[in-house]
Amino acid sequence: MENLNLQWRLLPTLTLLAASLFFLVFKDSAKLSHSECSLLPYNHYWLTSKRIVTPKGVISGAVEIKEGNIISIVSEEEWPRNSKTEQVVDYGEAVIMPGLIDVHAHLDDPGRTEWEGFPSGTKAAAAGGITTLIDMPLNSDPSTISTETLKLKVDAAEKRIYVDVGFWGGLVPENAYNASALEALLNAGVLGLKSFMCPSGINDFPMTNASHIKEGLSVLARYKKPLLVHAEMEQDSERHVKLEDDTLDTRSYSTYLKTRPPSWEEAAIRELLTVAKDTRTGGPAEGAHLHIVHLSDASSSLDLLMEAKTNGDSITVETCPHYLAFSAEEIPDGDTRFKCAPPIRDAANKEKLWEALMDGHIDMLSSDHSPTVPELKLLDEGNFLKAWGGISSLQFVLPVTWSYGRKYGVTLEQLASWWSERPAKLAGQVSKGAIAIGNHADLVVWEPEAEFELDNDHPVHMKHPSISAYLGRRLSGKVLATISRGNLVYKEGNHAPAACGSPILAT
Ligand SMILES: NC(=O)N[C@H]1NC(=O)NC1=O
Ligand SMILES: [Zn+2]
Ligand SMILES: [Zn+2]
């Protein structure tokens, strides 16, 4: 009797205990998957700040995010402070901008993951406020030039990307005259094609001529997709003889500069414009679009592009932060971290690039993040002619653009246009590129006024920080948080535990 009584008395307590245990276990397991993708424990919340960069200007207010999308944007006065039960993250004076979209990065995965790879590359992107990255078809092994090689890319990206990643396909002589192969590649989901007008430095990615490009454009027209072109054309047939001249000072940057003069860019663009006219309204490739990557020459090449736009060619151009931050005069002897193609030119050219960007003649920016292993940068030997050409910068593009652009009066709206809105359009991403209702909640939160030293104490998220030309610089503009499809994927030095970015395939 005594025993029975005890049982009855304990029963409610036991039930309560079991229920709370069940609740705890259940709640934790429900939270687990979400919490692995995000450093925030909720998927319906508000972000507030005094500086939110919207297409209608910078507002003080709040952005409501639910299940990965932006569902409302309100000014401070309209914010329904009292009626909400959702969580609020207040960023105070920090700037909330659309996440950056980098349309030009080489993540070298699969096949050259010792150079970078999807995990380290997309962690660098997240740490830099980049929420979408379009991966170039070369420097991985194999290059992305067929449906089979695209599948290898997509498989390599699975569960290994911290932000969204799309893919450009390669236009090479092997597929240029094979419309059905190009169509298959486009049907399989590449966002457009990319080709080179000079040797690419990668054996399975040979260069194309104007005739290949014309063919490519005619296919792209049917898909309304762009062709991105590395526009440099070798001009001097004696160049190789010159390169073998052993009286050359290969540690001097000016030696390298002379091997790739502005006339290479000009010649390539002139050649391209013979086919670019096909893209005009009523032209045989109407619907296709040409995009010149990493313009360095701000003289004749730029004049040609401006003229083409006036004539109605469907053409845009990007430049990269390294052409806006550095000038040839200041590159130290032997410092091959600065080697890239086309080369960084003189200070006067840099001024003209800024002018063209501010005036809207250069449409957008991209990183051209092109890392390698330190051994191939030949940092000890410092040979500019033999070192790998490519700048490593993915994590720093926002503070670099801002820090070097401030003296030209760069605005937050311009940053959003160059780094988000226009790149989204180029890559055909209608739900990205702006803080707008219905868009993916892809955002960067940053403090333009915060300065930092890129020294050894700074957490750098790339495989080989030693090859980055930005190390040692003082920059302003600190990324506090990066939100990708509503997930807080990066916060003050830390990444979400799981790689939950989505591969972007064209539909
Ligand atoms: N293959 C490759 O990444 N090349 C890039 N590097 C560079 O500096 N310019 C390029 O086009
Ligand atoms: Zn290039
Ligand atoms: Zn590139």
Side-chain angles (χ1 to χ4, degrees), residues 102-109 111-117 121 133-145 166-172 192-208 213 226-234 253 256-257 259-260 264-265 268-269 272 290-297 301 317-326 328 331 335-345 364-373 376-378 384-394 397 423 426-427 462-464 467-470:
D102 185 4
V103 293
H104 188 160
H106 303 259
L107 294 192
D108 317 326
D109 207 337
R112 285 199 183 84
T113 51
E114 68 282 14
W115 290 18
E116 185 65 276
L133 182 150
I134 319 297
D135 186 47
M136 278 294 164
L138 71 159
N139 298 9
S140 51
D141 187 15
S143 293
T144 315
I145 54 168
F167 312 93
W168 300 119
L171 177 75
V172 289
L193 301 174
K194 154 80 180 284
S195 84
F196 269 69
M197 294 179 80
C198 62
S200 73
I202 296 289
N203 289 340
D204 73 344
F205 205 93
M207 66 182 189
T208 47
I213 289 172
L227 174 68
L228 285 74
V229 183
H230 178 127
E232 276 187 301
M233 244 172 103
E234 203 169 300
Y253 183 72
Y256 173 59
L257 195 54
T259 67
R260 298 184 94 109
W264 281 34
E265 288 187 76
I269 291 171
L272 263 183
L290 265 171
H291 177 75
I292 311 296
V293 298
H294 54 44
L295 183 81
S296 173
D297 170 33
S301 302
V317 57
E318 75 189 24
T319 191
C320 309
H322 38 279
Y323 301 115
L324 298 166
F326 305 133
I331 298 177
D335 198 345
T336 54
R337 295 177 306 161
F338 293 89
K339 179 179 176 182
C340 60
I344 293 161
R345 306 194 191 280
M364 68 191 85
L365 298 174
S366 77
S367 72
D368 194 13
H369 177 67
S370 181
T372 185
V373 285
L376 291 184
K377 268 293 194 190
L378 306 176
F384 273 110
L385 301 186
K386 293 200 180 131
W388 171 257
I391 299 279
S392 293
S393 60
L394 200 50
V397 293
L426 179 74
M462 71 173 79
K463 204 156 256 178
H464 303 292
I467 63 170
S468 176
Y470 291 104

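For ligands, and for the atoms within them, numbers begin at 1 and follow the listed sequence. Computed from a predicted model, the values in this text were never measured in an experiment.
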Student: Under a 3.5 Å distance rule, please check whether S367 uses its side chain to pair with a backbone N or O of H104 as donor and acceptor.
Tutor: yes

Student: At less than 4.0 angstrom from any non-hydrogen atom of N139, what atoms of ligand 1 do you find?
Tutor: 1 (N), 2 (C), 3 (O)

Student: Taking the side chain as everything from C-beta on, heavy atoms only, tell me whether E265 gets closer than 4.5 Å to I292.
Tutor: no

Student: Which residue supplies the protein heavy atom nearest to atom 8 (O) of ligand 1, what is that atom called, and how far is it?
Tutor: A341 N, 2.8 Å

Student: Looking at H104, which of its N, O or S atoms is the nearest one to the Zn ion (ligand 3)?
Tutor: NE2

Student: Angle at the Zn ion (ligand 3): provide the value between OD1 of D368 and NE2 of H106, rounding to 10 degrees.
Tutor: 90°

Student: Do any N/O atoms on I202 end up under 3.5 angstrom from N/O atoms on ligand 1?
Tutor: no

Student: Does G201 come within less than 4.0 angstrom of ligand 1, counting non-hydrogen atoms of the residue?
Tutor: no

Student: Are W388 and ligand 1 in contact, using a heavy-atom cut-off of under 4.0 Å?
Tutor: yes

Student: Closest heavy-atom contact between E116 and G121?
Tutor: OE1-N, 3.6 Å

Student: Out of all atoms in ligand 1, which are within 4.0 Å of some heavy atom of H230? Include the element for each.
Tutor: 10 (C), 11 (O)

Student: Atoms of ligand 1 less than 4.0 Å from G389 heavy atoms?
Tutor: 6 (N), 7 (C), 8 (O)

Student: Considering only heavy atoms of L138, which atoms of ligand 1 have at least one such atom less than 4.0 Å away?
Tutor: 1 (N)

Student: Does R260 make a cation-pi contact with W264 (under 6.0 Å, within 45 degrees of the axis)?
Tutor: no

Student: Within the 4.0 Å heavy-atom shell around F196, which atoms of ligand 1 are there?
Tutor: 11 (O)

Student: Using 0.5 Å steps for rounding, measure from the OG1 atom of T372 to the CG atom of D108.
Tutor: 7.5 Å

Student: At what distance, to the nearest 0.5 angstrom, does CG of L171 lie from CD1 of I213?
Tutor: 7.0 Å

Student: Check this for me - ligand 1, S200, N or O atoms closer than 3.5 angstrom, yes or no?
Tutor: yes

Student: Any chance the rings of Y253 and F338 have centres within less than 6.0 Å?
Tutor: no

Student: May I ask you to list the atoms of ligand 1 that are less than 4.0 angstrom from any heavy atom of D368?
Tutor: 7 (C), 9 (N), 10 (C)

Student: As an exercise, state the distance from CG of L133 to CG of L107, rounded to the nearest 0.5 Å.
Tutor: 5.0 Å

Student: Just to the nearest 10 degrees, tell me the angle at the Zn ion (ligand 2) spanned by H230 ND1 and H294 NE2.
Tutor: 90°

Student: Which atom names give the shortest non-hydrogen contact between I269 and A231, and what distance separates them?
Tutor: CG1-CB, 3.9 Å

Student: Near H294, which atoms of ligand 1 are under 4.0 Å from a heavy atom of that residue?
Tutor: 11 (O)

Student: Do P342 and D297 come within less than 4.5 Å of each other through their side chains, counting heavy atoms only?
Tutor: no

Student: Going by the atom numbers of ligand 1, which of them fall below 4.0 Å from some non-hydrogen atom of C340?
Tutor: 8 (O)

